[in-house]
Amino acid sequence: MAEVMMKEFINNNTKTSWGDCIGLSSTAEKLKEAITYPLIYPDLFRDTRTWRGILLFGPPGTGKTLLAKALASEGCTFINVTSSTFISKWRGESEKMVKVLFDLAKKHAPTTIFIDEVDALMSTVNQHEASRRFKSELLTQIDGIQGSTDHVFVLGSTNVPWNLDTAMLRRFEKRIYVPLPDDIARVQLLKLYINGPNSLEDKEWFKLGGMIENFSGSDIKCLSIEVKMRVIREKIKEIDAKGTNRAGHNLRKVTLKDVEDSLAKIRPCVTCVDVKRFEEWNEKFGSY
Ligand code: ADP
């Protein structure tokens, strides 16, 4: 079992760094405090046990998984478990697998177990038998690492924190809000993802940043693909109309109008109402 798990889940080869997580430096700092610094400065943390259960919550596409990937390149063993896959793959045996998972984590410590979509497991609404058994074993195992000196951390991620039940919430001692990008981050993300030749000036980038207020990093990435596709589509039409050679063509620069027109097609996944709900949940349950 352990061998299968090693192959499936252990993943230390992400090439993501903290710098790739745009606008998330203060969130990254909180993760480093909990997980990285105790490993780099063991003497300073001799009498202090940091949080063993950490929850990243926020709207979808804001970089929670990206942060986890950056953490994975920090030199501790990184076990990446998507809860729905875990349950469906080992239905019936999933609780046994949780034990193996934590044994493996201890053996290869320092280890971070990243549980993406933790709500799928821990939700108050999803209560079928396999999930229930998995869940109770997971809670027991987390209790185990909280009382131990092993450097094993559980990092959960969710877009629907209000679906987590109180037993699980209590195990996530540190709950970190990963919000939508702010004005500056939105402009940085646009520049990052519209990375080719363009005619946009500073004030135009900022104007665009103001027009995509509820966009997540992932929405901005989608928008940028649409923007670049407009230029490509236009070129393909031109080449087909002329009937010229298919190779050796250059694309024109992206303009402000390309982005504005694309905005008419791409809508963000999150509404103001959703944002308010996250903020309220953060007020009640988030850590600072
Ligand atoms: P989440 O886990 O919060 O739902 P992800 O981390 O999977 O979101 O983000 C999806 C994709 O969107 C990422 O792979 C990345 O390309 C882009 N993205 C989202 N947020 C950011 C960000 N803050 N900085 C850079 N890219 C981002």
Side-chain angles (χ1 to χ4, degrees), residues 9 11 13-32 35 54-74 78-86 112-123 153-164 172 174-196 205 208-209 212-229 259 262-263 266-271 274-275 277-279 281-282 286-287:
F9 294 134
N11 172 8
N13 286 333
T14 84
K15 295 209 168 70
T16 308
S17 71
W18 296 113
D20 296 325
C21 308
I22 306 293
L24 296 175
S25 54
S26 73
T27 317
E29 195 55 30
K30 289 178 194 162
L31 273 182
K32 287 190 222 168
I35 301 179
I54 301 150
L55 179 70
L56 296 176
F57 69 93
T62 45
K64 297 182 286 300
T65 311
L66 202 63
L67 283 164
K69 286 185 187 161
L71 187 67
S73 52
E74 283 281 276
F78 190 80
I79 303 184
N80 189 347
V81 185
T82 301
S83 57
S84 45
T85 334
F86 200 99
T112 302
I113 302 175
F114 176 56
I115 309 181
D116 205 357
E117 310 165 8
V118 68
D119 50 275
L121 277 179
M122 293 303 165
S123 149
F153 306 90
V154 174
L155 179 64
S157 161
T158 180
N159 303 333
V160 278
W162 40 83
N163 279 350
L164 294 175
F172 286 123
K174 180 93 176 163
R175 300 163 203 142
I176 305 174
Y177 183 30
V178 185
L180 289 174
D182 64 13
D183 300 5
I184 295 173
R186 288 198 301 274
V187 173
Q188 284 176 316
L189 283 159
L190 266 179
K191 287 184 175 172
L192 173 74
Y193 289 120
I194 304 182
N195 56 354
W205 285 114
L208 289 171
I212 53 171
E213 212 171 309
N214 271 344
F215 279 58
S216 66
S218 157
D219 292 331
I220 295 176
K221 195 174 173 181
C222 287
L223 171 68
S224 307
I225 296 173
E226 175 58 31
V227 169
K228 295 204 274 188
M229 279 307 297
V259 190
S262 304
L263 266 172
I266 307 277
R267 301 314 316 147
C269 296
V270 183
T271 65
D274 302 323
V275 174
R277 191 165 187 196
F278 279 108
E279 283 170 357
W281 198 88
N282 185 34
S287 319

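Just so you know, ligand 1 is whichever comes first in the structure, and atom 1 is the first atom listed for that ligand.
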Hey, which atoms in ligand 1 end up nearer than 4.0 Å to a heavy atom of P60?
-> 4 (O)
Any G23 heavy atom less than 4.0 Å from ligand 1 = no
Contact check: G63 vs ligand 1, nitrogen or oxygen atoms, below 3.5 angstrom = yes
Note: ligand 1 atoms sitting under 4.0 Å from heavy atoms of L189 are 22 (C), 24 (N), 25 (C), 26 (N)
Are any of the N/O atoms in K221 less than 3.5 Å from those in ligand 1?
-> yes
How far is atom 15 (C) of ligand 1 from its nearest protein heavy atom, and which residue and atom is that?
-> Y193 OH, 3.4 Å
Is any side-chain heavy atom of I212 closer than 4.5 Å to a side-chain heavy atom of P268?
-> no
Pairwise side-chain contact, W162 with D119, heavy-atom cut-off 4.5 Å (strictly under) = no
Who's the nearest protein heavy-atom neighbour of atom 24 (N) of ligand 1, and how far?
-> I22 N, 3.0 Å
Count the heavy atoms of every other residue, nucleotide or ligand shown that sit under 6.0 Å from CD of E213, and state whether that count exceeds 12.
-> no
Closest non-hydrogen protein atom to atom 4 (O) of ligand 1, residue and atom name please, with distance?
-> G61 N, 2.8 Å
Determine whether any heavy atom of P181 lies closer than 4.0 Å to an atom of ligand 1.
-> no
Would you say T62 and L180 make side-chain contact, with heavy atoms under 4.5 Å?
-> yes
So is there a nitrogen or oxygen of C21 less than 3.5 Å from a nitrogen or oxygen in ligand 1?
-> no
Would you mind checking which non-hydrogen protein atom is closest to atom 2 (O) of ligand 1, with the distance to 0.1 Å?
-> T65 OG1, 2.5 Å
Spacing of NZ belonging to K191 relative to CD belonging to Q188, to within rounding of 0.5 Å | 8.0 Å
Do the side chain of S73 and the main chain of T16 share a donor and acceptor less than 3.5 angstrom apart?
-> yes
Per-atom filter on ligand 1: closer than 4.0 angstrom to a heavy atom of L24 are 23 (N)
Closest to atom 11 (C) of ligand 1 among protein heavy atoms sits S218 CB, 4.2 Å
V227/Y193 under side-chain contact (heavy atoms from CB on, under 4.5 Å): CA gap, chis, key distance, verdict | CA-CA 10 Å; V227 169; Y193 289 120; over 6 Å; no
With heavy atoms under 4.0 Å as the rule, classify the contact between L56 and ligand 1 as side chain, backbone, both or neither.
-> neither
Within-shell test, D20 vs ligand 1, heavy atom, strictly < 4.0 Å | yes
Donor-acceptor under 3.5 Å (R175 side chain, L55 main chain) = no
Residue, atom and distance of the protein heavy atom nearest atom 21 (C) of ligand 1 read L66 CD2, 3.8 Å
Counting only heavy atoms not in L192, do more than 12 fall under 6.0 Å of its CG?
-> yes
Would you say the side chain of N195 lies within less than 4.5 Å of the side chain of K228, judging by non-hydrogen atoms?
-> yes
